[in-house]
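Shown next, in structure tokens, is the structure this report addresses.
Hydrogens, waters and symmetry mates play no part in the numbers below; they use all other heavy atoms, side chains included. All ligand and atom numbering here is 1-based and tracks the order in the structure. Sequential numbering from 1 along the given sequence is applied to the chain's residues.
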Amino acid sequence: RLADLVERGVPLADWPRGWFSVAQPVRLAGPLLSGRPRRGEALRRAMRQGRDAALHEIRLAGLRGCGGAGFSTGLKWRLAKEAVGAARYVTCNADEGEPGTFKDRLLLARRPDLVFEGMSVAGYVIGAKRGLLYLRGEYAYLMPHLRATLRRRHAEGLLGNRVLGTDFSFDIDIQLGAGAYVCGEETALLESLEGRRGIPRLRPPYPVSAGYLGGPTVNNNVETLAWAAHILARGAAGFRARGTAQSPGGKLLSIAGDVAAPGVYEFDFGITVREVLMACGAADTQAVQVGGPSGVLISAADFDRRIAFEDLSTGGAFTVFDASRDLVDIARQFTHFFAFESCGLCTPCRVGTQLLARAADQLADGRAGGADLRRIEETGRLMRQTSHCGLGQTAANPLLDLLSRFRPLCESRLRGDGFAPDAVDGRRPC
Ligand code: NAD
């Protein structure tokens, strides 16, 4: 049992293969996954340079947020550094809830020092004394491993009072989420960290000016912080030299679905979808979901597009569906996922996700007519424009992409088209 492994303190590396808890295999490692900055190297280098120079290095590298939105990390840190407020904080978003993404889990399992080091460097730059890592509820089994890493960092003077004998003091706590997808939204995460139900706040103000307990807060994704530490340890030039002009550096992709070799891959930004599919041994690919269900579902017509913030941006999920898959059923399942995870705060999301779930059932079961397709599009557009947070704004994506990129497939499922629910062209559900 999972609990036995945790209680017996079995190292993660020795857990049985195939357990969901064991990180997916690393298939293609680049500098982030295979490079070895020594523990403390980034922090020592940042502290030798001073706050402004360390921040300059991050800006020079052009690092952008790896949670999916791609906001400039250097700008985020500068805004938090310059914001008015006595107590500042660094929060790490380890609530990796997007279906199909597991690269943060791998980083936490294999490179926790790099993640904590990124938090410490951010704390040093903005003048924070406290960092909090918000760990996805389903990753609770990582807790002993992460705590042991924090203890080691304390023992080596990399955390706590007077870090490395300087006047900089910084400590990190870990707080466990309870399994709500919406808590990956940064302000819902802050609410949850403060002990309340995870409901997104209105933005602005952004966390950089009013975040955890109202203080200026840098909230970054696990991978962003790991890259930040890597950049500080190795310098900005190597990072900047990779990727594209607008999306420098590398990106971890969680590759899953109908591929010969699923796992975590480290690519340079700018790689095409087709190249990724070749690398992971995909064949007869019908569709790829880039960025999870809140991202985009593309067809073969888009396989020459690039993984980059200026083209296809992704928090890391890259899920492949071959020609045997029933995409209508897949869109239906993801639509139900969003309906289940809606926090219920705003009407467009609370009601819209329910309406879409019902419409998706009708479509998948061959009970929808042409007017239903139009209604899905109208509801989806309305939700995109009026929902309070990213959940409601993106919940219609699986259905909207299905309708725009796989229209004939949807039309073949309409009422009166000879559809037989038990034999959908021999296609398998997800
Ligand atoms: P966003 O673009 O609104 O914000 C991105 C970041 O930039 C936030 O930290 C925000 O505080 C900051 N920011 C934006 N404008 C700012 C400003 N004017 N001043 C200061 N800071 C500013 O995006 P979002 O709604 O926070 O996140 C959406 C993204 O999350 C999507 O791209 C989606 O792909 C991704 N996502 C990821 C997961 C996952 O599991 N990794 C799950 C769901 C969604």
Side-chain angles (χ1 to χ4, degrees), residues 63-83 85 89-108 122 126 134-139 177 179-191 198 200-212 216-226 228 247 251-254 256 264 289-297 307-319 334 337-338 341-343 346 349 384 387-395 397-398 401:
L63 176 63
R64 299 177 63 171
C66 298
F71 192 79
S72 157
T73 306
L75 177 58
K76 184 180 275 191
W77 290 17
R78 179 169 73 77
L79 291 170
K81 180 173 183 272
E82 291 172 357
Y89 303 94
V90 176
T91 53
C92 172
N93 186 342
D95 194 62
E96 186 178 40
E98 188 72 17
T101 177
F102 42 84
K103 47 94 188 171
D104 290 344
R105 181 181 70 182
L106 180 130
L107 280 172
L108 293 167
I126 70 164
Y134 187 85
L135 186 66
R136 181 180 180 194
E138 291 84 345
Y139 294 176
Y181 173 78
V182 76
C183 286
E185 197 284 336
E186 62 177 2
T187 59
L189 181 149
L190 293 171
E191 288 288 306
R201 298 174 182 168
L202 277 175
R203 297 182 311 179
Y206 286 94
V208 286
S209 49
Y212 182 65
T217 302
V218 155
N219 178 62
N220 276 141
N221 169 260
V222 168
E223 185 185 349
T224 314
L225 289 162
S247 307
K251 180 81 191 83
L252 300 187
L253 292 186
S254 316
V264 174
Q289 199 177 52
V290 182
S294 78
V296 57
L297 183 74
I307 304 292
F309 294 113
E310 63 273 26
D311 193 350
L312 289 170
S313 74
T314 167
F318 189 99
T319 312
F334 285 133
F337 168 80
F338 286 123
E341 293 291 347
S342 171
C343 79
C346 71
C349 179
R384 197 173 268 176
S387 292
H388 178 73
C389 81
L391 195 160
Q393 288 159 13
T394 57
N397 286 2
D401 287 343

Report yes if some heavy atom in the side chain of Lys103 is under 4.5 Å from a heavy atom in the side chain of Leu253; otherwise report no. no
Among Glu98, Arg136, Lys76, which residue places a heavy atom closest to atom 43 (C) of ligand 1? Glu98
So, regarding Asn221 and ligand 1 (criterion: nitrogen or oxygen to nitrogen or oxygen, under 3.5 Å), is there a contact or not? no
Which of these, Arg203, Glu185, Glu96, has its nearest heavy atom closest to atom 1 (P) of ligand 1? Arg203
For Gly97, atoms of ligand 1 separated by under 4.0 Å from a heavy atom: 40 (O)
Taking all non-hydrogen atoms of both residues, which atom of Val222 and which atom of Cys92 are closest, and how far apart? CG2-SG, 3.7 Å
Ligand-side contact atoms (ligand 1) for residue partner Val208, heavy atom cut-off under 4.0 Å: 20 (C)
Given Gly295, Gly67, Gly68, which one has a non-hydrogen atom that is nearest to atom 36 (N) of ligand 1? Gly67
Pick, from Phe102, Tyr181, Tyr206, Phe309, the option with the minimum heavy-atom distance to atom 18 (N) of ligand 1. Tyr206
Do any N/O atoms on Glu186 end up under 3.5 angstrom from N/O atoms on ligand 1? yes
Trace of the side chain to side chain contact (heavy atoms under 4.5 Å, CB included) decision for Asn397 with Arg384: CA-CA 9 Å; Asn397 286 2; Arg384 197 173 268 176; 2.8 Å; yes
Tell me which one of Ile126, Asn220, Thr217 satisfies side-chain contact (heavy atoms from CB on, under 4.5 Å) with Lys76. Asn220
Ligand 1 versus Leu79, non-hydrogen atoms closer than 4.0 Å: side chain, backbone, both, neither? side chain
Mark the output for Gly390 as yes if a heavy-atom distance to ligand 1 is under 4.0 Å, and as no if none is. no
Is any side-chain N of the basic residue among Glu191 and Arg201 closer than 4.0 Å to the acidic one's carboxylate O? yes
Looking only at heavy atoms, is any part of Pro207 under 4.0 Å from ligand 1, and if so is it the side chain, the backbone, or both, or is it neither? side chain
Closest heavy-atom pair, Pro99 versus Phe334, reported as atoms and distance to 0.1 Å, is CB-CE2, 4.0 Å
Among all protein heavy atoms, pick the one closest to atom 23 (O) of ligand 1 and tell me residue, atom and distance. Ala69 CB, 3.5 Å
Work out which heavy atom in Glu98 is nearest to a heavy atom in Tyr181; give both atom names and the distance. OE1-OH, 2.5 Å
Would you please test Arg203 and Glu185 for side chain to side chain contact (heavy atoms under 4.5 Å, CB included) and show each step? CA-CA 11 Å; Arg203 297 182 311 179; Glu185 197 284 336; 4.1 Å; yes
